[in-house]
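Just so you know, these numbers use all the heavy atoms, side chains as well, and skip hydrogens, waters and symmetry mates.
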Amino acid sequence: MPRPYDFSSMTALICFEAAARNASFKAAAQEMNVTPAAVSHQIKALEQDLGCALFIRRHRGVELTERGAVLLVSLQRSFETISDTVSRLRDRPDAVDVTIRTTTAVSALWLTPKITAFWKIHPRITVSQIISDVAGASSRHDISIGYATPEGNGDDWREIFRDRILAYGTPRFARDHAIRGVRDLLTAPLVHMSDDRSGWTGWGDWFRELGLPQPSGRSFFVNNHMIALQAAEDDVGAVLGWEGLMTRAVQGGRLVALVPEGIPSPVAFSLRLNPRASAKARLFADWLVQSA
């Protein structure tokens with residue numbers, strides 16, 4: 001029975017790709033944990049099978065011929081597709097229909113209740129979250145959600161909501177530090193986000209937008225918004241919060257808006273849809289944007 005694909009030896013093709021990418025049989029051998037002679041043997045067999053030279057052998061390495069360059073491009077495209085598919089299968093179990101990557105704060109304060117509401121409408125669609133507070137952390141997901149400016153790279157970005165940013169603290173904090181107006185916050189203890197990669201708007205930006213000088217009170221620095229909110233609940237200092245993320249804390253009486261002044265958020269909470277996202281993931285994305 002004839003083979004369905006007109007391939008040379010896959011071992012030989014893999015050896016060729018490694019040697020071509022490294023421009024060295026020796027480097028390819030180290031990468032593949034075999035001897036340089038084994039790599040050379042596989043490539044010679046591949047050249048005999050194809051009936052053409054793929055490399056020009058030099059004293060200090062090898063160079064691709066024109067036909068070798070064509071083969072390398074084709075193999076790398078194919079290997080990238082295979083690698084992406086394998087990674088998606090590893091990171092997305094069969095039981096999960098939609099995988100979302102977001103931060104701890106967005107998950108806990110906003111997204112998880114939304115997923116619960118979605119399940120009431122679509123009980124057969126399973127949703128999984130990948131929680132990461134590290135900007136640019138690699139992971140396989142259908143949707144990413146965060147406090148981010150859409151990148152002009154052709155991806156499908158959708159704005160979810162854009163809130164006002166207010167100063168929050170406990171009622172006790174407001175009493176202890178005599179917070180009666182926005183200027184009182186200039187000398188009050190404040191909880192700051194110390195991780196610039198997070199992109200969260202800080203106190204300096206907040207006061208500047210209100211036409212006020214920089215704060216001079218005691219500062220407490222953290223690199224996680226959930227820890228910042230917890231610190232505020234423990235009366236460590238006032239914290240900045242986005243109205244859409246503060247609903248449960250305010251309704252529960254744990255935190256209150258300390259002053260009526262606020263600023264419009266310069267950045268929106270946005271959703272980025274993976275170009276390879278499934279139909280179920282797109283359904284969830286559409287629902288999420290509409291519900292927000």
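- Atom CD of Glu66 is surrounded by 12 or fewer heavy atoms from other residues, nucleotides or ligands within 6.0 Å.
- Considering all non-hydrogen atoms of both residues, Met226 and Leu109 come closest at SD-CG, 3.8 Å.
- No side-chain N or O of Thr103 forms a donor-acceptor pair with one of Tyr147 less than 3.5 Å apart.
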Could you check Arg58 against Ile56 for side-chain contact (heavy atoms from CB on, under 4.5 Å), going step by step and ending with a plain yes or no?
CA-CA 6 Å; Arg58 304 291 189 189; Ile56 300 173; 3.7 Å; yes
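- Rounded to the nearest 0.5 Å, atoms CD1 (Ile143) and CZ (Arg272) are 11.0 Å apart.
- Taking the side chain as every heavy atom from C-beta outward, Trp206 and Leu190 never approach each other to under 4.5 Å.
- Distance NE2/His141 to CD/Gln129: 13.0 Å, rounded to 0.5 Å.
- Within the model, atoms CZ of Arg124 and NZ of Lys280 stand 9.5 Å from one another, a figure rounded to the nearest 0.5 Å.
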Going through the checks in order, is the side-chain contact (heavy atoms from CB on, under 4.5 Å) test met by Arg67 and Leu50?
CA-CA 10 Å; Arg67 292 185 178 185; Leu50 299 178; over 6 Å; no
Show your reasoning for whether salt bridge (Lys or Arg N to Asp or Glu O under 4.0 Å) applies to Arg282 and Asp142.
CA-CA 9 Å; Arg282 295 178 185 277; Asp142 300 297; over 6 Å; no
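- Two residues are said to be in side-chain contact when any heavy atoms from C-beta on lie closer than 4.5 Å; Val239 and Glu233 fail this criterion.
- Of the N and O atoms on the side chains of Gln30 and Ser24, not one donor lies less than 3.5 Å from an acceptor on the other residue.
- For the pair Arg57 and Phe25, the minimum side-chain heavy-atom distance is below 4.5 Å.
- Between Arg183 and Leu212 the shortest side-chain heavy-atom distance falls below 4.5 Å.
- Proximity of Met193 to Leu240: side-chain heavy atoms (C-beta onward) are nowhere separated by under 4.5 Å.
- Ile131 and Ile227 are not part of a single hydrophobic cluster, where members link through side-chain heavy atoms under 4.5 Å apart.
- For the residue pair Pro113 and Arg248, the shortest heavy atom distance occurs at CG-NH1, 3.5 Å.
- The minimum heavy-atom distance linking Ala238 with Leu258 is given by the pair CB-CD1, 3.6 Å.
- Hydrophobic clustering of Ile, Leu, Val, Met, Phe, Trp and Tyr side chains at less than 4.5 Å, counting indirect connections, unites Trp287 with Trp119.
- Although no hydrogens or angles enter the test, the distance criterion places a donor-acceptor pair under 3.5 Å between the side chain of Asp163 and the main chain of Gly244.
- One N or O on the side chain of Thr116 and one on the backbone of Thr112 form a donor-acceptor pair closer than 3.5 Å.
- Around the CZ atom of Arg162, the shell of radius 6.0 Å holds more than 12 heavy atoms that belong to other residues, nucleotides or ligands.
- Aromatic ring centroids of Phe269 and Trp110 lie 6.0 Å or more apart.
- Here SG of Cys52 is found 8.0 Å from CG of Leu46. Values are rounded to the nearest 0.5 Å.
- The distance from atom CD1 of Ile43 to atom CD of Gln48, rounded to the nearest 0.5 Å, is 12.5 Å.
- Note that the CG atom of Leu283 and the CZ atom of Phe118 stand 5.0 Å from one another [nearest 0.5 Å].
- Asp234 places no side-chain N or O within donor-acceptor distance of the main-chain N or O of Val236, the cut-off being under 3.5 Å.
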Intermediate values then yes/no, side-chain contact (heavy atoms from CB on, under 4.5 Å), Leu288 and Ile145:
CA-CA 11 Å; Leu288 194 63; Ile145 297 173; 3.5 Å; yes
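- In this structure a side-chain-to-backbone donor-acceptor pair under 3.5 Å is missing from Ser216 to Thr187.
- Within 6.0 Å of the CZ atom in Arg218, the count of heavy atoms belonging to other residues, nucleotides or ligands does not exceed 12.
- Contact annotation: the side chain of Pro266 never approaches that of Glu209 to less than 4.5 Å [non-hydrogen atoms, C-beta and beyond].
- A continuous path of Ile, Leu, Val, Met, Phe, Trp and Tyr side chains, each step under 4.5 Å between heavy atoms, connects Val191 with Leu210, placing both in one hydrophobic cluster.
- Applying the 6.0 Å contact sphere to NZ of Lys26 captures no more than 12 heavy atoms from other residues, nucleotides or ligands.
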Leu271 vs Trp157, test: side-chain contact (heavy atoms from CB on, under 4.5 Å). Steps then yes/no.
CA-CA 6 Å; Leu271 173 155; Trp157 286 83; over 6 Å; no
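- Scanning both residues, His225 and Trp242, for their nearest heavy atoms gives CE1-CZ3, 3.9 Å.
- Counting only heavy atoms from C-beta outward, the side chains of Leu72 and Phe16 approach each other to under 4.5 Å.
- Residues Pro189 and Phe220 have side chains not in contact (no heavy-atom distance under 4.5 Å, counting atoms from C-beta outward).
- Counting all heavy atoms, side chain and backbone alike, Ala167 lies closest to Leu185 at CB-CD1, 3.7 Å.
- Pairing each heavy atom of Asn22 with each of Ala27, the nearest pair is CB-CB, 3.7 Å.
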